[in-house]
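Proteins come first, then strands; the chains are lettered A, B, ... in the order of their sequence lines, and each starts at number 1. Just so it is clear, the model here is predicted, and its values are computed rather than measured.
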Amino acid sequence: MANALGIIAASGTHIKVEGLQQYRPIGAFSFLGRYRVIDFPISNMSNSDIDHIQVYIRNKPRSLVEHLGTGRHYNINSKRGKLQILFSQNSSENDVYNTDIAAYYENIEIIQRSHQPYVVIAPSYMVYAENYDALLQTHIESEADITLLYHTVDNAKDAFLNCDVLNLNRQKGVESIEKNRGSAKNRNIFMDTYIMKKDLFVDLILKARKMSSMITLPQIVNASCSELDIRGVSHKGYFATITDFKSYFDANMSLIDLKNAQNLFNYEWPIYTRTNDSCPTQYFASADVKNSVISNGCLIEGSVENSVIGRGCQVKKGAVIKNCVVLANTVIGEDVHVENQVIDKWAQITREREIVAENDHPGYIRRDDIL
Amino acid sequence: MKQNNMLAMILAGGRGSRLHELTNKVAKPAVSYGGKYRIVDFPLSNCANSGIDIVGVLTQYESVLLNSYVAAGGRWGLDARESGVFVLPPREKADADLDVYRGTADAISQNIDFIDKYAPEYVLILSGDHIYKMNYAKMLAYHKEMNADATIAVIEVPMKEASRFGIMNTDEEGHIVEFEEKPEHPKSNLASMGIYIFNWKLLRKMLLADMKDADSHHDFGKDIIPTLLADQKTLVAYKYQGYWKDVGTIDSLWEANMDLLNRSNELDLNDPTWKIYTEDIPALPQYIGPNANIDKAFITQGCVIEGEIKNSVLFTGARVGKGAKIIDSVLMPGVIVEDGAVVQRALVAENITIGAGAVVGSADSEHIELVSKRVKGVE
């Protein structure tokens, strides 16, 4: 059992996902039809026997709070476990003050009062499966001060541009953390996942506050690289970041391939989510569905190709959906053709007959919109 | 009990032996239906949606799975304070030996103490093995309006089939004047659905008398209802309109699943105002492969479809391999149909694998084939 406090971090102010994020934080984004992005870090923690979890929310809390509830659906023990939803006061004069450190500092007594000697900090805007219990064991055995999780990629020139990278020495010691500026293909993308003693975490927060009000956790860890033993551990398996609109679209699309999905989903490592008790999906005689991921509660009469369809969607006769991420409860009307779009919840497309964007430049249809 | 002073008792002890291997290890109410449900989800969800807080489930035959399944009342929202689902198998008591439930009425009689604890004004008796959606609060309102001692829900059945049912003969105002169990020459086509509302005080008295009656079958249809009529109590028929199925055989279970494929099926599981709740199993959404072909189907999460599906219902986690064909069939949870296999007019039981290239069922069979053992692939 992982004797650690789980902390799920809000996305930093530098991360902007056009469209979707104006309605909810990234953790509450619908993902692969039936999930929300935050289901992944919480399920990872729950499966790692971390049963005290703090979720930090910076803004637009409604949908996330509703989704998380008591945390019972994440298999968090209802007596011994605890899911805390923590808000931080937004500084209205300038968003640069709204750092992760500011949020932790505001709740520092709650962090200090927890009984666990270690903290595991994971982002609410990345999708991966990881056993934090095993990672904590690795951390303890290595006697390092801080362990950071990273993923080696070969496309850092044009992807992961909003992420940090770890510069490692041969012994996997972290020499520095810097922004990925797209200058090299092969990079170790930092997964914004940390393991350290809780006391050290508290020290870092206090130290950061003394340095600058704008400093962030990766910055203070970077500044501590010379005096602390900080090590990287490589992550294997599926990894996606939701750090801009394109990466959201691409992450959904990549999981239509069952082989990729099997790198993320594993029978032994369930990803929990809140059920909404929708019935199975009904496919009518005129339906034509290929290479797609479909959620429950849909009524499908048209054709769907290479797309992710959320819960409770209606695809009417003659409609064509191609390369789209369709969120819950949308209606795609008769003979409507949509291609390369992210269609947000409750949108209804019945008048406009053709909404097509270019490959690699997906479009966005607003929530509740009528087109 | 806060909501409407009515407590529900679900009779869920029956085996359903005409479902053959499907009920070898589980009672009929626990049999899977409709992609993601078990039959007992219907009365339980109806109770929850009708504002009933306390539900007793009377179990007997192979009750291990059923007991643990219904005990998680949270699945149906029946877990608030002063609410709950209570599993009631036969038990040993200080003043009585352990005895099986001898009949439907006896199952209630043996739990008088349970019902008394909540002191309800009304008791609703239900079957755990019927598929339908019904607002019991409306039935209770009718029961009160008619000033009835007992109200029995009835459904109109085709006259030529009426002799298969318990038939209620009523007067113009809806009062039941006669009850005939499977009459040879039925006088009406109002069939009892096995759904009763009783004033608890009266029922309690009747049950205590029935327990002592050595000649009684201890059955609602055979004993309690006829006695009430003989005693000139006010019995009324509450006409239900809508989908109602008692799935007694493999053919009828298959048929009830096939009903879901109709565009305007009366059961309408997609109605957001009357959801049917069930166990929440972590599973991926449905994966429809690049070469899949789906033509009329009802498919749920966890399914992976790479072959061809025609006119079929697929339950949680069913997998259909490349080139396989599923036609007019029902695949229960966890069924695997390997590449190139053909399943036609069949009902494949839970977790059964149909090997590559195998063929089961046939297009012109009289009955639906039940596949309850692994089928080997062909080379």
Side-chain angles (χ1 to χ4, degrees), chain A residues 31-35 39 43 47 70 72-75 78 255-259 261-262 264-267 269-301 303-312 314 329, chain B residues 33-37 41 45 48-49 74-77 79 257 260-263 265 267-272 274-306 309-319:
Chain A
F31 191 74
L32 199 62
R34 69 180 302 251
Y35 302 100
D39 293 336
S43 298
N47 290 336
T70 59
R72 194 164 149 176
H73 47 290
Y74 294 111
N75 205 16
S78 62
L255 287 166
I256 292 175
D257 184 343
L258 191 58
K259 286 207 183 71
Q262 281 161 345
L264 175 63
F265 296 96
N266 174 338
Y267 185 75
W269 200 260
I271 304 300
Y272 305 102
T273 189
R274 171 179 289 277
T275 179
N276 79 346
D277 299 292
S278 21
C279 70
T281 277
Q282 191 154 13
Y283 298 82
F284 296 96
S286 54
D288 180 18
V289 181
K290 298 251 184 304
N291 202 38
S292 293
V293 176
I294 315 281
S295 306
N296 273 7
C298 298
L299 300 170
I300 301 183
E301 299 176 78
S303 58
V304 180
E305 191 187 337
N306 208 34
S307 296
V308 175
I309 310 289
R311 282 169 175 151
Q314 296 180 43
N329 302 311
Chain B
Y33 168 76
K36 62 182 287 200
Y37 307 97
D41 289 331
S45 300
N49 290 334
R75 284 173 192 155
W76 302 276
D79 63 341
N257 278 290
L260 297 168
L261 297 171
N262 291 334
R263 174 175 303 270
N265 75 81
L267 192 58
D268 187 14
L269 293 172
N270 219 341
D271 177 2
W274 203 270
K275 283 188 178 178
I276 303 302
Y277 313 109
T278 186
E279 183 182 9
D280 175 31
I281 299 168
L284 280 169
Q286 303 156 41
Y287 266 76
I288 314 297
N291 301 310
N293 193 346
I294 302 176
D295 176 2
K296 273 186 102 178
F298 201 60
I299 303 180
T300 193
Q301 62 195 34
C303 290
V304 178
I305 316 290
E306 296 185 89
I309 314 290
K310 195 170 180 182
N311 214 39
S312 296
V313 179
L314 274 66
F315 291 52
T316 311
R319 299 175 79 102

> Side chain, backbone, both or neither: which part of B:Asp41 has an atom under 4.5 Å from a heavy atom of chain A?
Replying inline: neither
> Looking at B:Ile299, B:Asp280, B:Leu269, which makes the most heavy-atom pairs under 4.5 Å with chain A?
Replying inline: B:Ile299
>> Restricting to non-hydrogen atoms, name the atom on A:Ala285 and the atom on B:Lys296 that form the minimum distance, rounded to 0.1 Å.
In response: N-CG, 3.6 Å
> Between B:Pro272, B:Ala283, B:Gly74, which residue shows the highest count of heavy-atom pairs closer than 4.5 Å to chain A?
Replying inline: B:Ala283
>> Using 0.5 Å steps for rounding, measure from the CG atom of B:Leu284 to the OH atom of A:Tyr35.
In response: 4.5 Å
>> Can you tell me which portion of A:Leu255 sits under 4.5 Å from chain B's heavy atoms? Options are side chain, backbone, both or neither.
In response: both
>> Report which part of B:Phe315 has an atom under 4.5 Å of a heavy atom belonging to chain A: side chain, backbone, both, or neither.
In response: neither
> With respect to chain B, which residue among A:Val304, A:Ile309, A:Asn296 yields the maximal number of heavy-atom pairs within a distance under 4.5 Å?
Replying inline: A:Asn296
>> I need the B:Asp295 CG to A:Phe284 CZ distance, nearest 0.5 Å.
In response: 12.0 Å
> Any side-chain heavy atom of B:Ile305 sitting closer than 4.5 Å to one from A:Tyr283?
Replying inline: no
> If you look at every heavy atom in B:Gly35 and A:Pro280, which pair is closest and at what distance?
Replying inline: CA-CG, 4.1 Å
> Under a 4.5 Å heavy-atom cut-off, does chain B meet the side chain of A:Ile256, its backbone, both or neither?
Replying inline: backbone
> Which atoms of A:Leu258 come close to chain B, meaning under 4.5 Å heavy atom to heavy atom: side chain ones, backbone ones, both, or neither?
Replying inline: both
> Rounded to the nearest 0.5 Å, how far does CZ of B:Arg75 lie from CG of A:Asp277?
Replying inline: 11.5 Å
> If you tally heavy-atom pairs under 4.5 Å against chain B, which of A:Asn306, A:Thr275, A:Thr273 wins?
Replying inline: A:Thr275
>> Is A:Ser43 close to chain B through its backbone or its side chain, or both, or neither, when contacts mean heavy atoms under 4.5 Å?
In response: neither
> With respect to chain B, which residue among A:Gly33, A:Ser278, A:Pro270 yields the maximal number of heavy-atom pairs within a distance under 4.5 Å?
Replying inline: A:Ser278
> Side chain, backbone, both or neither: which part of B:Val313 has a non-hydrogen atom closer than 4.5 Å to chain A?
Replying inline: neither
> Is A:Lys290 reaching over with its side chain to a backbone N or O of B:Asn293, donor-acceptor style, under 3.5 angstrom?
Replying inline: no
>> If you count heavy-atom pairs within less than 4.5 Å of chain A, which of B:Asn311, B:Ile309, B:Thr300 leads?
In response: B:Thr300
> For the atom pair CD1 (B:Ile281) and OH (A:Tyr272), what is the distance rounded to the nearest 0.5 Å?
Replying inline: 12.5 Å
> Nearest 0.5 Å, what's the CD1-OG1 distance between B:Ile294 and A:Thr281?
Replying inline: 10.0 Å
>> A side-chain contact here means heavy atoms from C-beta on lying under 4.5 Å apart; do B:Asn270 and A:Gln282 qualify?
In response: no
> What distance do A:Cys279 atom SG and B:Lys36 atom NZ have between them, rounded to the nearest 0.5 Å?
Replying inline: 7.5 Å
> Heavy-atom distance under 4.5 Å to chain B: side chain of A:Glu301, backbone, both or neither?
Replying inline: side chain
> Which bit of A:Arg72 comes within less than 4.5 Å of chain B, counting heavy atoms only: side chain, backbone, both or neither?
Replying inline: side chain
> If you count heavy-atom pairs under 4.5 Å between each of A:Asn276, A:Asn291, A:Asp257 and chain B, which one has the most?
Replying inline: A:Asn291
